[in-house]
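Each remark here refers to the structure printed beneath this line.
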Protein chains: 2
Amino acid sequence: MNKPSLRDVARRANVGTTTVSRVLNKHPNIAEATRGRVMAAIEQLGYVPDVGARHFRLGRTHAISALLPMIGTPFYETLLTALHDPVASKDYDLALFPLLGSQRVRRYRDPGALVYRADALVIVSQDPDELYGGPPPFRGPTVLVDVHHPGYHSVSFDNVGAGRLAAEYALSCHLPIVFLDGQDLPDAPGSPVFAARRSGILQTLGRHGIRPVLTVSVLPEQEGLRNAARDIAAQRPAGPFLLLAMTDDLALGVRQHLHDVNLHLGEDYSLLGFDGSAAAAAAGLSTVVQPVRAMGEAAAEVLLGALNGELNTLVQRQFSPTLREAQSTALRMTTA
Amino acid sequence: MNKPSLRDVARRANVGTTTVSRVLNKHPNIAEATRGRVMAAIEQLGYVPDVGARHFRLGRTHAISALLPMIGTPFYETLLTALHDPVASKDYDLALFPLLGSQRVRRYRDPGALVYRADALVIVSQDPDELYGGPPPFRGPTVLVDVHHPGYHSVSFDNVGAGRLAAEYALSCHLPIVFLDGQDLPDAPGSPVFAARRSGILQTLGRHGIRPVLTVSVLPEQEGLRNAARDIAAQRPAGPFLLLAMTDDLALGVRQHLHDVNLHLGEDYSLLGFDGSAAAAAAGLSTVVQPVRAMGEAAAEVLLGALNGELNTLVQRQFSPTLREAQSTALRMTTA
DNA sequence: TTGAAAGCGTTACCAT
DNA sequence: ATGGTAACGCTTTCAA
């Protein structure tokens with residue numbers, strides 16, 4: 001037996017297809033009796049509406065696609081959870097499309113890719129120009145998150161300001177600064193996030209005539225961290241220093257390996273990270289906090305606004321960093 | 001100007017719609033000249049095929065949906081990367097649908113949900129019976145990953161065997177055993193993974209007439225770990241002990257907090273985890289390894305087989321655990 | 001090698 | 001309150 005269609009239901013209930021459609025879509029002007037007959041027929045046949053056909057007919061999919069560089073980090077979990085709830089409450093479905101490695105980007109240049117079968121597109125942590133070499137092959141509203149571009153709606157974080165804030169706090173510690181820089185994966189498109197933070201940090205330090213006594217650049221991989229710890233141990237300044245790490249993950253990771261080479265947090269060095277992650281909070285790490293939830297919620301708001309056609313102008317929301325101080329920078333107290 | 005359709009292209013190129021369709025689908029029997037005219041028309045109009053309409057007509061979407069309990073952990077990143085490549089090379093698109101919290105499960109009971117607009121469904125780390133209270137509202141081939149169920153194709157990991165392996169190794173250390181159990185989130189459907197590992201562990205220990213001297217149950221949250229560390233410090237056995245943790249994350253997390261309460265790995269205790277994560281490898285943690293990549297690849301294979309209708313019987317592949325030994329259990333050497 | 005026309009399942013317009 | 005029918009954009013059969 002083939003999948004029953006709306007027509008089969010209509011025949012079974014002795015009504016027209018229009019009536020069945022109306023019942024399904026909860027139209028008001030339907031007699032309770034007919035409604036009952038239709039429901040019964042639906043039940044008996046085990047009819048399920050073909051959403052594909054509906055979407056085809058309507059030209060709208062009721063779907064939102066999110067294009068992510070990857071999954072596997074709490075940042076995206078938090079961001080997308082915050083984004084999901086508001087759009088789901090407006091009955092939009094959210095589908096995730098992680099790049100899962102950069103060679104897969106080619107797939108996303110095809111306008112026929114599944115990701116574009118959606119009413120709106122969210123691009124997270126990626127500059128569309130770098131991703132596509134131009135605009136995305138998508139006609140609907142597009143919102144950028146965690147990245148800024150003058151040509152799109154965007155919800156972003158002031159990473160330059162974050163770098164500045166970190167640098168100012170670092171300066172206030174009056175310790176020599178060791179900079180643990182993050183390096184992009186060789187084949188991935190360069191992350192604008194790291195570049196922005198880096199420039200905020202170095203400019204601010206420079207304005208005070210200060211440069212890091214040591215800069216170690218590390219890939220976001222586990223073995224890189226061990227090497228970084230070795231390098232720091234070998235080339236560190238004589239006394240205590242402040243270690244400024246580009247992300248909390250880097251900070252927490254290197255802390256472990258520094259321990260193995262006999263450098264101890266709170267005695268030999270202070271530690272400052274970026275992101276305000278839950279792990280940082282639990283570990284007592286001072287960090288520049290990024291309001292991830294708020295950004296996700298803001299993105300949802302922009303998205304829904306755009307879908308309702310309420311946005312006649314480009315929305316560019318930028319969130320500011322704050323600093324959360326914890327024990328990891330207590331050393332400053334001793335020396336300040 | 002409206003979106004141009006295949007008909008517009010046909011008119012522009014002075015051919016029938018059939019011909020345009022043939023050009024688009026690379027049919028062999030097309031004169032090179034006509035082909036050129038059609039391509040030119042496509043170019044001039046900026047025509048993009050409507051995939052929705054194509055899918056509607058064909059009844060197939062060329063999409064695979066993956067239903068995940070969450071994202072944000074390296075496990076899913078690895079698994080899905082391994083799953084993605086083989087299906088992408090067969091031109092299937094993969095869309096991710098994380099539950100992002102359990103109250104969102106209701107959405108997935110609706111047969112019209114976006115997730116079911118796919119040719120095949122992958123359910124990861126969830127028992128369909130618990131998720132839906134029955135079979136999923138989906139007609140196509142369905143493959144379970146990281147969980148086993150007699151009614152579905154499945155690619156799973158022998159978690160009971162993993163527990164057994166861990167317990168046997170633990171016994172060989174001849175140290176009192178402290179068991180750091182994982183607890184499910186209160187509102188989430190219970191993970192069969194933890195239950196299976198736990199039973200493998202306890203049964204094996206029991207068979208040797210041994211019970212953990214202390215069992216601490218912890219939520220997979222950061223503050224829970226601190227409390228766990230406190231409890232362990234307070235109630236631990238007199239001498240050195242072996243800490244058996246339900247996951248690497250738990251193991252690595254608690255290690256940090258144990259350090260804070262003056263219990264040191266390699267001196268006061270040995271540590272054994274589960275999962276074989278990259279973080280475990282980097283931290284020198286002994287662990288029961290799960291072949292995540294291989295599982296993802298196997299899932300892709302099953303999926304493609306089912307889509308080609310090559311599977312006339314249920315496929316149930318189960319992967320076995322192996323043990324990776326590292327410094328974290330070196331204490332056994334001293335005492336054995 | 002090419003084209004006309006039917007038809008996929010749904011909704012919306014216009015009748016009644 | 002209800003129904004007939006056209007239309008959405010595409011692929012496919014059948015015929016030329």
Side-chain angles (χ1 to χ4, degrees), chain A residues 1-42 45-63 110-112 114 116-117 119 139-140, chain B residues 1-39 41-42 45-63 91 110-112 114 116-117 119 139-140:
Chain A
M1 191 54 184
N2 257 344
K3 192 168 68 110
S5 80
L6 179 143
R7 227 172 170 121
D8 300 321
V9 175
R11 268 195 286 270
R12 187 82 127 103
N14 274 315
V15 295
T17 57
T18 311
T19 304
V20 179
S21 178
R22 284 198 178 112
V23 169
L24 288 169
N25 296 291
K26 312 196 202 312
H27 254 261
N29 288 357
I30 289 284
E32 199 47 52
T34 5
R35 192 191 148 68
R37 283 216 311 292
V38 171
M39 293 304 270
I42 288 177
L45 293 170
Y47 165 76
V48 172
D50 182 326
V51 270
R54 170 183 287 148
H55 292 162
F56 167 56
R57 171 67 232 245
L58 259 28
R60 287 171 297 104
T61 61
H62 248 255
D110 176 5
L114 179 65
Y116 305 117
R117 271 197 61 47
D119 296 340
R139 301 175 78 90
Chain B
M1 192 52 185
N2 257 341
K3 193 168 67 114
S5 79
L6 180 143
R7 227 181 173 113
D8 299 321
V9 175
R11 268 196 285 270
R12 186 81 128 105
N14 273 316
V15 296
T17 57
T18 313
T19 305
V20 180
S21 176
R22 284 197 179 113
V23 170
L24 289 170
N25 296 291
K26 310 196 203 314
H27 253 262
N29 287 357
I30 289 285
E32 199 48 53
T34 357
R35 191 190 149 68
R37 281 217 311 291
V38 171
M39 292 304 270
I42 288 176
L45 293 170
Y47 166 74
V48 172
D50 182 325
V51 272
R54 169 184 285 147
H55 292 161
F56 167 56
R57 170 68 230 247
L58 260 27
R60 288 172 296 105
T61 61
H62 248 255
D91 241 44
D110 176 6
L114 180 65
Y116 306 117
R117 269 197 63 46
D119 296 340
R139 303 175 76 91

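Per chain, numbering begins at 1; letters A, B, ... match sequence-line order.
The nearest whole Å value for the distance from the CG atom in Leu6(B) to the C1' atom in dT12(D) is 13 Å. Between the CZ atom of Arg7(B) and the P atom of dG9(D) there is a distance of 9 Å, given to the nearest Å. Asp50(B) has its CG atom 17 Å from the P atom of dG9(C), to the nearest Å. Separating the CZ atom of Arg60(B) from the P atom of dC10(D) is a distance of 16 Å, rounded to the nearest angstrom. The distance from atom CG of Asp8(B) to atom P of dC8(D) is 10 Å, rounded to the nearest whole Å. Separating the CG atom of Asn2(A) from the C1' atom of dC8(C) is a distance of 12 Å, rounded to the nearest angstrom. Between the C1' atom of dT12(D) and the CZ atom of Arg54(B) lies a distance of 14 Å, rounded to the nearest Å. dG3(D) atom C1' lies 15 Å from atom CZ of Arg11(A), rounded to whole Å.
Within 6.0 Å of atom CZ in Arg35(B), 12 or fewer heavy atoms from other residues, nucleotides or ligands are found, so the atom counts as exposed in its surroundings.
Phosphate proximity of dT2(C) to Thr19(B): absent, as no side-chain N or O sits under 4.0 Å from OP1 or OP2.
Counting only heavy atoms from C-beta on, Ser21(B) has its side chain closest to dT12(D) among dG9(C), dG3(C), dT12(D).
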Give the table of side-chain donor-acceptor pairs shorter than 3.5 Å for residues 14-22 of chain B, with sequence neighbours excluded, one pair per line with atom names and distance.
residue: Ser21(B); atom: OG; partner: Asn25(B); partner atom: ND2; Å: 3.4

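To the nearest 0.5 Å, the span separating CG on Leu6(B) from OH on Tyr47(B) amounts to 4.5 Å. Between Asp8(A) atom CG and Leu45(A) atom CG the span is 6.5 Å, to the nearest 0.5 Å.
At a threshold of 4.0 angstrom between heavy atoms, the contacts of Thr18(B) include nucleobase atoms, whether or not backbone atoms are also involved. Residue contacts for Thr17(B): at a heavy-atom cut-off of 4.0 Å it reaches a base atom on one of the strands shown. Within the 4.0 angstrom heavy-atom criterion, only backbone atoms of the sugar-phosphate kind lie near Ser5(B); the bases stay farther away. Nucleic acid contact class of Asn14(B) (heavy atoms, under 4.0 Å, all strands): sugar-phosphate only.
Between Gly52(A) and Arg117(B), the shortest heavy-atom contact is CA-NH1, 3.2 Å. Of all heavy-atom pairs between Gly112(B) and Val51(A), the closest is O-CG1, 3.4 Å.
For DNA chain D, the neighbouring residues in residues 23-32 of chain A, judged by any heavy atom under 4.0 Å, are Asn29(A), Ile30(A), Ala31(A).
Nearest-nucleotide positions on DNA chain C place Arg22(B) closer to the 5' end than the other of Phe56(B) and Arg22(B).
The side chain to side chain contact (heavy atoms under 4.5 Å, CB included) test with Asp50(B) singles out one residue from His55(B), Arg57(B), Lys3(B), and that residue is Lys3(B).
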